[in-house]
Structure formats: C-alpha cells, structure tokens
Amino acid sequence: MNAELKLFALGTVGVTLVLAALLVTVYGAETGRVLQALAARTPLLLSGSPDFSRFEGGFAANIVISFWSMAIAAVAGTALGVGMISQSFLVRAPSVLVMNVLRNSPWLVVLYAMLYLLPFEIEAFGTVFSFSPMIKAIIGLALPVTANVAEVFRGGVEAVPTGQWESARSLGYRRLQILRRVVVPQAIQFMTPNLMTTYAMLFIGTSLVVVTGADDVLSVARTVIASDGAHYATAIYLYVLFLFFVFCFPIAILTRWLEQRVRVRQ
C-alpha cells in the first residue's frame, strides 16, 4: 500500500500544481481576485445552494446521481449477468443481445433518449409518478452501466476455477445454489476492482447529465458564468475539473491496490 500512497500524494500534488499553473497563466495578476470569487461560489458549486442550506444540486447532485445509477445497475447487471451464463439458449441469447446493445450505446444518446422518451409524469393506480430531470439522468446512466456490470459479473464468475463447480455438483448442489453459495463469494474478489473502475467511469459520465436539465455541477457552473461573466469561465471549469479529480483519483488508486492484492492471491 505504500507505493499507492506515494502515487496518490504525487498525483494529488502534481495535478493541483498543474491546474494552479494554468490558472496563473490565464489570469496573471488577477489570480488572487479570481480565487476569491471561486471561494465565494464554492458552496453553490458543491451543494447547489449559496450557504450549504441544502444539498440538492451542484457537485452533490453528481454524487447522488452516480450512487443511485450504480445501485440500479448493480442489481440489473447482476440479473443480466446471470442470464448471460445461463445454460438455456432462450435465456442466454436475449441476455447477451441486451448487454451488447446497452454496452455499445453512447451514453449521451441514451440520456437524450430518456429525456424525450420518459414522460414528465405518469398516472398509475390513481397515483401520479413524476420523472424529474434527475430521475431521467439516473435511469439514462444506469442503462449502459448495467451492461458493464453484467460483463464484470460474467468475467468474475468465469475466473473461478471450474473445479469449484465440479466439487459443488458432487455434493448435490444445483446450478443456482452453486452460483450463489460457492462461485459468487469467490468471484467477488475478481469483480471488485472492475466494479470500482466502472463506478469511476460512471461518475465521470455524470458530467453529461446537464443535457437532461439536472441541476448538476456543470449546470450550476453555467449559471455562475452567466451571472459573474465569461471572464471567470476558465477558472470555474478548472475548479470543476479539480472536483472530479479529487473524487475519482482515490478510487483509481484503491482499484490499483485491490488488483495487486488479487494477483498476489492468485
């Protein structure tokens, strides 16, 4: 873990210095005033409110969207992955088809599709269900990530030695019982690094939800630029880039550490 900690420290310091150098290069003597403006706008960019009184927009919205999208994708992707390794052709073929369609669909196109395909509200059993821009964004991101999770599940299951299946069959376990009680617990160690990488990709992808009208950090950034002037655009977008880096880089370092641990165990 020491090597990863050194890489984390080096990367954090290095990227921070590079972004700071870019800021100074662009603004020169005005850098101090620009930094003060960024500090004043930080609560709005992080929480969607100017005083942290609520956390319904800004960078907090990106975190919420990524969390729920990953949760939905984890459940749906696991089910799809089970279908992909099914012995029944009638189950396996549609599962593989759905996975390939979702996996090869551009995320931006899927988000636009959800924006126009999903209604603003729907009434069912006397209850009105509304689809806010955030809900559309969550569903739009969850669909392609479901395919990635399904592939991770399939790869993790196939990484478990076939002898585990044969040993469990000799004890009288059925296929689903073997999968649930024997194979999946062992496959989790292979899946975890890839799932973390998938989540990091998903979080970066939340920058696309601005097209759905969700009140994410880029939407707030555009509002701030329109309010304060285009002169601050470079500083604000560099700041947003820094926020994404600070959130995703630790995940990348932890993923690398977990991958090395898996290799050592093998």
Margin query: Could you go through E30 and Y232, starting from their C-alpha distance and side-chain angles, then the distance that decides it, and tell me whether this counts as side-chain contact (heavy atoms from CB on, under 4.5 Å)?
Written below: CA-CA 11 Å; E30 294 183 282; Y232 294 96; over 6 Å; no
Check: Is there a side-chain contact (heavy atoms from CB on, under 4.5 Å) between R103 and N148 once you walk through the steps?
Finding: CA-CA 6 Å; R103 193 179 186 187; N148 291 325; 3.8 Å; yes
Next item on the list: Please report the C-alpha distance between F153 and V184 in whole Å, then the side-chain angles of each, then the deciding distance to 0.1 Å, and finally whether the side-chain contact (heavy atoms from CB on, under 4.5 Å) criterion is met.
Entry: CA-CA 9 Å; F153 180 87; V184 171; 4.1 Å; yes
Next item on the list: For side-chain contact (heavy atoms from CB on, under 4.5 Å), just list the numbers for Y237 and I225, CA-CA rounded to whole Å, side-chain angles, deciding distance to a tenth of an Å, and then say yes or no.
Entry: CA-CA 10 Å; Y237 283 124; I225 292 171; 3.5 Å; yes
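Residues L258 and M196 come closest through the heavy atom pair CD1-SD, 3.2 Å. P43 and P50 get closest at one heavy-atom pair: CB-O, 3.4 Å. Of all non-hydrogen atoms in I65 and V209, the two that sit nearest each other are CD1-CG2, 4.0 Å. Summarising the geometry of A137 relative to L111, their closest heavy-atom pair is O-CD2, 3.8 Å, with the distance given to 0.1 Å. Scanning both residues, G81 and A150, for their nearest heavy atoms gives N-CB, 3.8 Å. Of all heavy-atom pairs between I178 and A168, the closest is CG1-CB, 3.5 Å.
In this view, S49 and S47 satisfy the side-chain hydrogen bond (donor to acceptor under 3.5 Å, both in side chains) rule, not counting sequence neighbours. Every residue was checked against the side-chain hydrogen bond (donor to acceptor under 3.5 Å, both in side chains) condition with E56, not counting sequence neighbours, and none meets it.
One finds the OG1 atom of T212 at 8.5 Å from the CG atom of L141 (value rounded to the nearest 0.5 Å). Remark: S66 OG to Y199 OH distance equals 3.0 Å, nearest 0.5 Å. Here the CE-CD distance, from M191 to Q186, works out to 11.0 Å after rounding to the nearest 0.5 Å. Separating the CG atom in D51 from the CG atom in L44 is a distance of 10.0 Å, to the nearest 0.5 Å. Atoms OG1 and CE, on T197 and M201 in that order, are 8.5 Å from each other to the nearest 0.5 Å. A distance of 9.0 Å separates OG in S69 from CD1 in I139, rounded to the nearest 0.5 Å.
Listed for the S167 side chain is no donor-acceptor partner under 3.5 Å among the backbone atoms of Q164. Side-chain atoms of R92 do not come within 3.5 Å of backbone N or O of M84 as any donor-acceptor pair. Between the side chain of S227 and the backbone N or O of T223, no donor-acceptor pair lies under 3.5 Å.
Cluster membership for F52 and I63, using ILVMFWY side-chain heavy atoms within less than 4.5 angstrom, is shared. Linking Ile, Leu, Val, Met, Phe, Trp and Tyr residues whenever their side-chain heavy atoms come within less than 4.5 Å places L208 and L241 in a single cluster. I204 and L19 sit in two unconnected hydrophobic clusters of ILVMFWY residues. Membership requires side-chain heavy atoms under 4.5 Å apart, directly or through other members. The hydrophobic cluster containing V24 does not contain Y27, counting ILVMFWY residues as joined when their side-chain heavy atoms lie under 4.5 angstrom apart, directly or transitively. The hydrophobic cluster containing V145 does not contain L97, counting ILVMFWY residues as joined when their side-chain heavy atoms lie under 4.5 angstrom apart, directly or transitively.
Aromatic ring centres of F131 and Y116 lie farther apart than the 6.0 Å criterion allows.
Seen from the ring of F120, K136 counts as a face-on cation partner, given the 6.0 Å and 45° thresholds.
At least one side-chain heavy atom of F249 sits less than 4.5 Å from a side-chain heavy atom of T12. Residues V149 and M70 meet the side-chain proximity criterion, which asks for heavy atoms closer than 4.5 Å. Counting heavy atoms from C-beta outward, D215 and M134 have side chains that stay 4.5 Å or more apart. When side chains are defined from C-beta on, L115 does not count as touching V211, because their heavy atoms never get closer than 4.5 Å. L45 is listed as a side-chain neighbour of Y239, based on a closest heavy-atom distance under 4.5 Å. Between T146 and M99 there is no side-chain heavy-atom pair separated by less than 4.5 Å. Looking at D228 and R41, their side chains come closer than 4.5 Å, going by heavy atoms from C-beta outward. Contact check for L179 versus I85: side-chain heavy atoms found under the 4.5 Å cut-off.
Ring planes of F59 and F247: perpendicular class, angle over 60° (limits at 30 and 60°).
Taking the charged nitrogens against the carboxylate oxygens, R169 and E166 have no contact shorter than 4.0 Å, which rules out a salt bridge.
Atom CZ of R222 has 12 or fewer neighbouring heavy atoms from other residues, nucleotides or ligands inside a 6.0 Å radius. Environment of OH in Y173: sparse, with no more than 12 heavy atoms of neighbouring residues, nucleotides or ligands closer than 6.0 Å. For CH2 of W107, the number of neighbouring non-hydrogen atoms (other residues, nucleotides, ligands) closer than 6.0 Å is greater than 12.
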